[in-house]
Amino acid sequence: MNVSSTTIPRLSATPTFDPVLKPAIHLPKHTLLESPNSRTILVGSWRITASTNPISNAPQCDQLQSKLGTGNDGGIPLPEMTFGSNSLKVEWKADGFIGRDKQRKRNRNPDQVGPEEQDHASESEAEEENESQWIYEFDTLHALFGVKKGQLGPGDGGVQVGYAEEWLKSRTGPSPLLPMPKTVPTKPYDWTYTTTYCGHCPSHVSSSTSSTTSTTISSQISNSQWIPSDSTEAKHQIPLAELTRPDPILFYAEIPLFEDELHDNGSSSLIVRIRVMPTCIFILSRFTLRVDGVLFRTFDTRIYSSLENNLQGTEVVRETTGWEAPYDIVKNRLPKRDDLTPLTDPLFIAKILSELPQSQTTGAGTGWRGLGKKCEWMRIGKSL
């Protein structure tokens, strides 16, 4: 009687190469720096700094308020939770920052540097910041600059609270001949703090070489314009497949800029998140608005850039998307009818809004100009 033998494969301590399997991803050289209120990563040609601080105190709010007001315009009331010192700063320079940062650390060694030399080190640090060839920032001040001041007009997406009409009717008599009273805010502004802020490039960016003329510097800044993306050009779109891969995260930060509960009529918030992976940088800035009984609104800014430089320079892709829908339509999508908790979750709100076909066109009928999607790209310098 012949008994068939089964061959059991041997397990080897040395894994064999399988061309079908993707090799382990290479981690780029990078440096992480931390302070009590900020975190920084230096990787490739990039330096990224996330500053997170407590809610602004009274003196800080006064200072921010003074910057928001222009001339006789007193600006706008600040949101209940204003993080005026929070920011995200992204800097690019062709030859990178890692080597210079090490030299800066040596210059700042208190055991080897005197007081006068420490002052020179601080000055050289400020000069180094100005040497960045490209800077992009998110901060609270510029986000609030995007909030409409004055009477709202077409395209501003003005919103009334759910009980506004009933309140007005209660102030009139039973006769239909009596006109509805006009209400004018004593200090008109968009009380929902809606903003289409998508970050900004500071105007003080200069060249990395001291010999560059001011004309060249001005030309560099003026040429740093966003170009509408071609939908057929894959490299000018955000690669979702790359972002959804389970790659290791080298750096992550969440930076709240402001939040307000709209006098218990809902919620308005703006939060910026960034993650750096071995192959790319990805930023998501999300404004979320909920006006109870009226509408939901979201405005997203996504920024992507590959960490791979080439002779043509580094390309940055920016995508902005605005959604809006009536409150009840989103509410009807709740997993459990008696649980309203998801309506306070920006992730759930954004997911539902993105699934509604009318959310980027008619929205909630406010005529808000932020509806729709726009994708742009920019080339920032050349690699050395």
Side-chain angles (χ1 to χ4, degrees), residues 28 30 40-50 87-98 129-139 142-143 146 196-208 217-245 247 249-253 255 272-287 299-322 373-384:
H30 62 283
T40 300
I41 182 172
L42 312 176
V43 56
S45 299
W46 300 89
R47 175 168 62 192
I48 300 167
T49 302
S87 65
L88 175 66
K89 186 175 184 179
V90 180
E91 302 171 82
W92 184 92
K93 186 169 60 173
D95 57 352
F97 297 90
I98 293 181
E129 287 193 4
N130 290 333
E131 290 176 353
S132 301
Q133 292 172 276
W134 187 77
I135 300 178
Y136 202 79
E137 289 183 304
F138 290 85
D139 63 40
H142 288 83
T196 55
Y197 174 64
C198 53
H200 67 282
C201 289
S203 58
H204 62 268
V205 182
S206 65
S207 170
S208 61
I217 294 173
S218 300
S219 176
Q220 267 191 342
I221 296 173
S222 62
N223 289 335
S224 297
Q225 301 296 327
W226 295 99
I227 304 170
S229 297
D230 184 351
S231 58
T232 62
E233 188 68 48
K235 67 178 182 178
H236 295 160
Q237 307 293 323
I238 294 181
L240 297 180
E242 180 179 359
L243 296 177
T244 54
R245 283 194 320 232
D247 291 348
I249 296 178
L250 308 180
F251 180 86
Y252 175 82
I255 307 107
V272 182
R273 296 179 177 88
I274 181 170
R275 56 184 166 120
V276 180
M277 293 154 286
T279 60
C280 66
I281 297 168
F282 179 67
I283 300 171
L284 171 60
S285 169
R286 171 166 288 168
F287 168 79
F299 189 82
D300 282 357
T301 299
R302 291 174 169 84
I303 295 179
Y304 165 90
S305 183
S306 172
L307 291 179
E308 297 180 2
N309 291 341
N310 53 55
L311 296 178
Q312 285 71 42
T314 297
E315 293 182 353
V316 181
V317 180
R318 182 176 72 179
E319 178 187 285
T320 57
T321 314
K373 179 179 177 180
K374 181 170 66 174
C375 193
E376 306 162 298
W377 69 280
M378 176 191 293
R379 181 172 289 127
I380 50 173
K382 295 183 179 181
S383 302
L384 295 181

Nearest heavy atoms of [X] and [Y], plus distance in Å:
X      : Y      : result
Ser306 : Trp46  : O-NE1, 4.3 Å
Leu243 : Cys280 : CD2-SG, 4.0 Å
Gly322 : Phe299 : CA-CD1, 3.9 Å
Arg318 : Cys198 : NH1-SG, 3.6 Å
Ile98  : His30  : CD1-CA, 4.2 Å
Tyr304 : Ile238 : CB-CG1, 4.0 Å

Any heavy-atom pair between the side chains of [Y] and [X] that's under 4.5 Å?
X      : Y      : answer
Val90  : Ile48  : yes
Phe138 : Ser87  : no
Ser45  : Leu307 : no
Pro202 : Tyr136 : no
Phe251 : Thr40  : no
Glu91  : Phe97  : yes
Ile303 : Val317 : no
His236 : Cys375 : no

Going by atom types alone, do [X] and [Y] pair a side-chain donor with an acceptor below 3.5 Å?
X      : Y      : result
Trp92  : Thr314 : yes
Thr320 : Thr301 : no
Gln237 : Ser231 : no

| field | Electrostatic pair Lys373:Glu319 at N-O distance under 4.0 angstrom | value | yes
| task | Assess whether side-chain contact (heavy atoms from CB on, under 4.5 Å) is satisfied between Met378 and Trp134, documenting all intermediate values. | result | CA-CA 11 Å; Met378 176 191 293; Trp134 187 77; 3.3 Å; yes
| Between CD1 of Ile283 and CD1 of Ile255, what distance do you get to the nearest 0.5 Å? | 8.5 Å
| query | When you measure from the side chain of Arg47 to the backbone N and O of Lys89, does any donor-acceptor pair fall under 3.5 Å? | reply |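 Checked: no pair found.
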| request: Apply side-chain contact (heavy atoms from CB on, under 4.5 Å) to the pair Glu315 and Lys235, showing each step before the final yes or no. | output: CA-CA 9 Å; Glu315 293 182 353; Lys235 67 178 182 178; 3.8 Å; yes
| said: Between Glu242 and Thr279, is the side-chain contact (heavy atoms from CB on, under 4.5 Å) condition met? List the steps. | reply: CA-CA 9 Å; Glu242 180 179 359; Thr279 60; 2.5 Å; yes
| request: For the pair Leu88 and Thr49, evaluate side-chain contact (heavy atoms from CB on, under 4.5 Å) and give the outcome as yes or no after the intermediate values. | output: CA-CA 6 Å; Leu88 175 66; Thr49 302; over 6 Å; no
| task | For the residue pair His142 and Tyr197, categorise the inter-ring angle as parallel (less than 30°), tilted (30 to 60°) or perpendicular (more than 60°). | result | parallel
| field | Sequence-distant partners of Ile227, side-chain contact (heavy atoms from CB on, under 4.5 Å), two or more places apart | value |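 side-chain contact (heavy atoms from CB on, under 4.5 Å) list for Ile227, sorted by chain: Trp377.
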